[in-house]
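Contents: one structure, followed by commentary.
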Amino acid sequence: VLRVVTGVAAFNLVLLVVGYCFLASFLRGRSLLTWLTAAGIALLGGASLVGVALSAVAVAGFSTGPVALAVVSAAIASAGLLTARHASRSWRDRTTFSERGPRGSTSALAIIGSAAGAYGVAAMCGLMLFASFRSSPWLDDAWTFWLPKGIFISHTGLDLRVFGGDPSYAQFANADYPLWWSIITGLVMRFVGHIDLRAVDAELALLVVAFFGASARLLWGSVRSWILWPALLVLAASPELLRQSQSGGADLPLAAYVGLTVLAAVGWLARRERFFLVLVTVFGAAAASIKVEGAAQLIVLVAVPGAFAWRKGNGRVRPLYLSLLVAFLLAAPWFIWSRVHGLPHAYSLGEALDPTHLAARTERIGPTAHEIGRQLVDVREWLLVVPAFVVAGTLATAVERRWLNLTPVFALGLGYAFWIWIYWSGPLPLSFWLQTSGYRVVDSLTLTAGVFLPLFLERVASSSEQPRSYLAAHQRLPAGATQRN
Amino acid sequence: LSASNSQGGRQHPALGARLIRLRIATTVVLTVLLSLFVTVKSFSSRVRSAVPEYGPIIDRLPGYQPQTGDPIYFHSSSHAPAHVDTAAIRRAAGLVPDDATYFVQGPKSSPSTSDVVLTARLFFLPAVLSLRADTVGWVLSYRSTSIPRGLRPTTVYRLDEDLVLVRVRRR
């Protein structure tokens with residue numbers, strides 16, 4: 001296990017350094033505490049950029065081994081440091097990294113809730129990470145195609161004998177799947193020095209831990225700690241999250257990047273800090289490079305709901321769309337390569353949009369809606385993440401009388417409809433398909449709901465406090481005095 | 001994510017000290033509970049019985065048997081995990097050069113054959129699995145008594161009762 005621990009640690013240290021260098025424009029001159037608390041963003045940012053860049057390297061005909069990693073890491077880190085050196089101070093100054101949270105409550109319950117919530121999230125992350133180093137992936141996808149593809153291209157690149165449909169050689173299963181997760185797991189194994197599948201679970205768990213770190217960092221300053229930590233704990237303690245952290249599959253990394261892209265998009269719309277636009281591009285590029293449905297989910301969860309903010313001012317939405325477009329372009333080389341080389345695709349968009357095809361199989365809608373819906377609200381799997389998100393969103397809309405608050409709930413509904421459509425139009429036998437993937441495809445929706453829950457609860461809490469504060473101010477006034485506005 | 005402008009002002013020192021004491025007390029209590037959960041197996045197994053959904057985490061705690069770094073031979077279509085001698089295939093992988101091509105021969109009737117092929121494919125990387133025996137330099141033979149026609153064995157490595165790795169040349 002020691003070799004697994006050192007190998008995984010060394011590889012992630014590289015990703016962390018790359019991420020920090022890339023973010024240096026925004027972090028330069030800030031306190032050590034700010035740098036430390038940005039570790040989750042840096043690790044996920046570094047992993048995203050390295051994986052996306054190496055995908056392009058593979059498409060260009062090179063291998064994605066340690067040499068390519070060194071070159072790509074040096075290039076990204078240098079670019080980040082050079083930008084930090086030459087960028088105007090306004091870049092940094094216009095980015096808020098709150099070190100203190102919003103005014104907290106001094107009630108004993110809030111203090112205990114905050115401390116227990118933070119401790120709980122840290123404990124769940126620690127247990128998840130510890131368990132991952134002692135478990136082999138239970139999902140066979142991990143060792144039958146994700147990892148083999150990664151090890152192979154880390155040695156020889158995209159060899160057309162096994163990627164180009166040559167009938168003399170065994171082709172990789174799901175050869176059309178993007179390369180990001182394969183590249184990351186393949187490199188982890190090169191750092192470990194031999195094939196030990198526990199390293200795949202460890203890498204997956206580390207990315208999930210980084211996801212919680214990044215979410216807390218992005219929400220810190222906007223949500224009070226006694227709301228933030230217990231709300232994040234609901235997600236961190238979800239049995240299905242913990243179970244899937246040992247799957248070795250690509251669904252959780254995809255969900256983490258989708259959730260953070262949505263959070264960054266909302267950050268941009270609310271605060272207009274360029275930092276969030278950069279995160280939309282970096283996290284979005286990873287999401288689009290992990291699985292084929294990544295880009296579609298970003299359209300459903302970011303682009304479509306983003307249009308609701310158009311009325312607020314298209315000056316905010318246009319840059320968001322541009323950032324998303326850049327993310328898609330970064331992920332594009334693999335999709336172009338796979339089309340050019342005729343890699344088989346299991347799913348046909350033409351059929352999915354064909355009314356005749358859809359009309360002939362409407363019996364698939366009901367079971368899909370039931371099963372995906374059950375996965376979303378089953379307390380034994382994701383606790384109360386999605387129901388609490390919907391209730392909190394509805395409450396926030398009601399107390400603030402602001403319909404825009406319902407947009408994330410609408411987006412979740414759209415995501416639910418998206419998956420019904422996929423299973424409705426897809427080629428595989430429905431019961432088998434739902435049984436083998438239904439529990440995984442909801443990850444992006446649940447993680448997105450999980451990071452939104454603290455925001456909704458904060459809005460509800462702050463709205464419900466306002467009348468009381470006003471009343472309290474009046475009560476403190478001396479008798480006969482009137483409040484001056 | 002609107003930045004809050006209501007960041008706290010200075011607290012009264014006595015209140016601040018009370019809050020810190022409360023945080024420390026909460027942390028100490030939770031640390032004791034976590035330590036019990038992690039180190040005392042009877043405690044964690046009771047939690048596991050009450051909430052079996054947390055089994056994947058509890059089963060990996062100290063005192064429980066960790067898994068190895070080998071694949072778990074269980075697929076969505078399986079009723080039970082298949083048995084594959086992973087150690088033998090790892091030994092074979094050490095003999096097959098990176099630039100080799102190989103063929104896996106095994107009875108289609110055996111439910112383990114497909115897992116042997118998948119395992120060889122993983123551990124023999126970056127060597128390439130060929131679907132045609134006549135072009136390869138190596139054959140991994142599983143529960144077979146002969147090698148494919150047209151090939152002559154040059155070196156034979158018996159890995160276990162069922163698995164044989166054969167270096168071959170074309171006749």
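Letters A, B, ... mirror the listed sequences (proteins, then strands); counts begin at 1.
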To the nearest 0.5 Å, what is the distance between [atom1] ([X]) and [atom2] ([Y])?
X      : Y      : atom1 : atom2 : answer
B/L61  : A/L127 : CG    : CG    : 6.5 Å
A/S168 : B/L131 : OG    : CG    : 7.5 Å
A/L139 : B/H75  : CG    : NE2   : 11.0 Å
B/L118 : A/T144 : CG    : OG1   : 6.0 Å
A/I112 : B/L22  : CD1   : CG    : 4.5 Å

Taking side chain as everything from C-beta outward and backbone as N, CA, C, O, which of these in [X] sits under 4.5 Å from a heavy atom of chain B? Side chain, backbone, both or neither.
X      : value
A/F432 : side chain
A/R161 : side chain
A/A118 : neither
A/L383 : side chain
A/Q244 : neither
A/F452 : neither
A/P167 : backbone
A/T436 : side chain

(request) Indicate yes or no for a side-chain donor-acceptor contact from B/R60 to the backbone of A/M128 under 3.5 Å, with no hydrogens or angles considered. (result)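 The answer is no, because no donor-acceptor pair under 3.5 Å joins these two groups.
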(message) For B/Q67, is there any backbone N or O sitting under 3.5 Å from a side-chain donor or acceptor partner on A/R198?
(response)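 Side chain of A/R198 to backbone of B/Q67, a donor-acceptor pair under 3.5 Å: yes, one is there.
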Find the one option among [options] whose heavy-atom pairs under 4.5 Å with chain B are most numerous.
options                        : value
A/E381, A/H155, A/R243         : A/H155
A/W138, A/F133, A/Y119         : A/Y119
A/P148, A/A115, A/A131, A/S136 : A/S136

Can you tell which part of [X] gets under 4.5 Å to a heavy atom of chain A, answering side chain, backbone, both or neither?
X      : result
B/D59  : neither
B/T68  : backbone
B/V38  : side chain
B/F103 : neither

Quick one: which of [options] has the most heavy-atom pairs under 4.5 Å with chain A, could you say?
options              : result
B/R121, B/R23, B/E53 : B/R121
B/A127, B/P62, B/A93 : B/P62
B/D99, B/I24, B/L30  : B/L30

Any heavy-atom pair between the side chains of [Y] and [X] that's under 4.5 Å?
X      : Y      : value
B/P126 : A/I151 : no
B/I57  : A/M124 : no
A/L147 : B/L122 : yes
A/R134 : B/Q65  : no

(request) Kindly determine whether B/D70 and A/L197 satisfy side chain to side chain contact (heavy atoms under 4.5 Å, CB included), including the steps that lead there. (result) CA-CA 6 Å; B/D70 292 343; A/L197 293 171; 5.8 Å; no
(request) Take A/D140 and B/F74 through the test side chain to side chain contact (heavy atoms under 4.5 Å, CB included) and record every step on the way to the result. (result) CA-CA 7 Å; A/D140 58 355; B/F74 190 83; over 6 Å; no
(request) Taking all non-hydrogen atoms of both residues into account, name the closest pair between B/L34 and A/A123 and its distance. (result)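 In terms of heavy atoms, the two residues are closest at CD2-CB, 4.1 Å.
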(message) Would you say B/T101 and A/Y169 are linked by a side-chain donor-acceptor pair, where the criterion is simply a distance under 3.5 Å?
(response)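 Result is no, nothing qualifies.
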(message) Using ring centroids (six-membered ring only for Trp), state whether B/F123 and A/W143 fall under 6.0 Å.
(response)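 Here the rings of B/F123 and A/W143 have centres that are no less than 6.0 Å from each other.
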